[in-house]
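What follows is one structure encoded as structure tokens, with my remarks underneath.
Chain identifiers are assigned alphabetically (A, B, ...) following the order of the sequence lines, protein sequences preceding nucleic acid strands; residue numbering begins at 1 within each chain. These numbers come from the heavy atoms of this one structure, side chains and all, not from hydrogens, waters or symmetry mates.
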Amino acid sequence: MKDVDDKFLKNIDKEFPLREELRPRTVTTPDGQEIEIEPLKDYFCEAAPKVHPKAYIPIVENFYNWARANSLWILGFGTGCGAIEMRPLMTPRFDAYRYGIQWRPTPRQANLLMISGYLSVKTLKRAVRAYEQMQGPKYVVGLGSCTINGGMYWDSYNTIKKLDQYLPVDLYIAGCMPRPEALLAGFMDLKKLIKAGKCEGANKYAENFAFYKENQKSVIKDWDMPDYNW
Amino acid sequence: MRDIHARLKQRHHLGQFERQRPGLAFFTVPREYLRGLLLDLRDKEGFSHLVLLTAVDWMEEGLFQLTYMLNNRAEDVTFGIRVMLDRDEAEGDSIHDLWPTAETYQRELKEMFGINFPGSPRIDDEFILEGWTDLPPYRRDFDSLAYSQQTYAERPGRVTHDPREHMKQKLYPDGV
Ligand code: SF4
């Protein structure tokens, strides 16, 4: 971009300290034993995500993909203005349920994460957590120009500008904000992509895990969760 | 409004009275008289509602301006009371014991402008930002664009049009 500004330099020396309660330490149990605890390791499984191999026979994989395309469960997690556009889809006016698309309240029950607009760094952290907790095969759709190139928050100090740097995006729906019709068209496109076997976001995430983590950690300074939140 | 001001003037050091529209006026007071004035307004004049507390960064003058907006519902009068603070060691006086809502405003000002309010509850906790390590982002010497260019990855190909030139091109391509 032509208006790159180099007079202001951001402070890169300062590290954000890990919260007190998350630091490894020695504690005394009620019965007088001394034990070592490391909260970020003790409560979570450390295994990184694994690539899910394709079925050996293509026709079986095609059948799987057909089934996956017809079973889209959206995680009801609205991040930006675009979340408003999902509401009419759940009601009789646009009625996305007739295409077999429904919303679920928790990541464990969903397989489609809609990032519905700008993501602040704080929300990105929750979105990463939610994404990692979802069961594979899982898909990510970015809504609106904010997820594509920053949209009108392109100069904000606190919103990311390119979602696929942090999460594996299968499909973008352009617009500011995209209308419900555009979302419906987007769902149809997503189905086509899934049927064609082109939505391999979860595997991409597993393969490039280090790349995604590095990018996530470069903006989320206050990293207070394990590396993989399964 | 003027009679309230006239009454206050006998008891307090008030700056220039700037009337903006019927029912809204601003004036500046020195920091040390702020608390007495606010108490007086709240208890004697019926300004029971703290509408907002916000700040303006006068970087060139080296000052922060705090604005306390108080509203008297019965008479439909709003006063904006300005207090100027030194920008280098920005520190205001907490009024969380007069209006509990001020606590939230003060936390916001601490995080966004770096104005400290000693004694205000939870003033050192994070308010909206998480893990912020740079200058407070609402200070004018913080360059939001430069920060975002240095922090967040960009997708190439973004263009910006000057709206005036762009519409001229579109509507009158021949330049007529
Ligand atoms: S693209 Fe537009 S509507 Fe969507 S989150 Fe960004 S600003 Fe809001």
Calculate, to the nearest 0.5 Å, the distance between atoms [atom1] and [atom2] belonging to [X] and [Y] respectively.
| X | Y | atom1 | atom2 | value |
| --- | --- | --- | --- | --- |
| L9(A) | Y147(B) | CG | OH | 13.0 Å |
| Y172(A) | R155(B) | OH | CZ | 4.5 Å |
| L135(B) | K10(A) | CG | NZ | 13.0 Å |
| Y157(A) | F142(B) | OH | CZ | 7.5 Å |
| Q149(B) | D155(A) | CD | CG | 9.0 Å |
| E126(B) | D222(A) | CD | CG | 5.5 Å |

Task: Heavy-atom check, side chain of D134(B) versus side chain of F8(A), under 4.5 Å - done: yes

TODO: Answer yes when E154(B) and K162(A) have at least one side-chain N-carboxylate O distance shorter than 4.0 Å, and no when they do not.
DONE: no

- [ ] Give, as side chain, backbone, both or neither, the part of T159(A) having an atom under 4.5 angstrom from any heavy atom of chain B.
- [x] backbone

Task: Per-residue contact mode, Y153(A) against chain B (heavy atom under 4.5 angstrom) - done: neither

Should the heavy atoms of other residues, nucleotides or ligands under 6.0 Å from [atom1] of [X] be counted, would the total exceed 12?
| X | atom1 | answer |
| --- | --- | --- |
| H49(B) | NE2 | yes |
| E91(B) | CD | yes |
| Y205(A) | OH | yes |
| K217(A) | NZ | yes |
| N208(A) | CG | yes |
| E61(B) | CD | yes |
| E89(B) | CD | no |
| E15(A) | CD | no |

Open item on the list: Is the positively charged end of K161(A) above the ring of Y152(B), judged by distance under 6.0 angstrom from the centroid and angle within 45° of the axis?
Closed with: no

Open item on the list: Checking the side chain of E130(B) only, and the main-chain atoms of I220(A) only, is there a donor and an acceptor separated by less than 3.5 Å?
Closed with: no

Open item on the list: With a 3.5 Å distance limit and no angle check, can you tell me whether R158(B) reaches the backbone of W154(A) through a side-chain donor-acceptor pair?
Closed with: no

TODO: For each of I148(A), V121(A), V219(A), D164(A), tally heavy-atom pairs with chain B at distances under 4.5 Å, and name the one with the top tally.
DONE: I148(A)

Heavy-atom pair of closest approach, residues [X] and [Y]:
| X | Y | value |
| --- | --- | --- |
| I128(B) | K122(A) | O-NZ, 2.9 Å |
| N11(A) | T133(B) | ND2-O, 3.4 Å |
| S148(B) | S156(A) | CB-O, 3.1 Å |

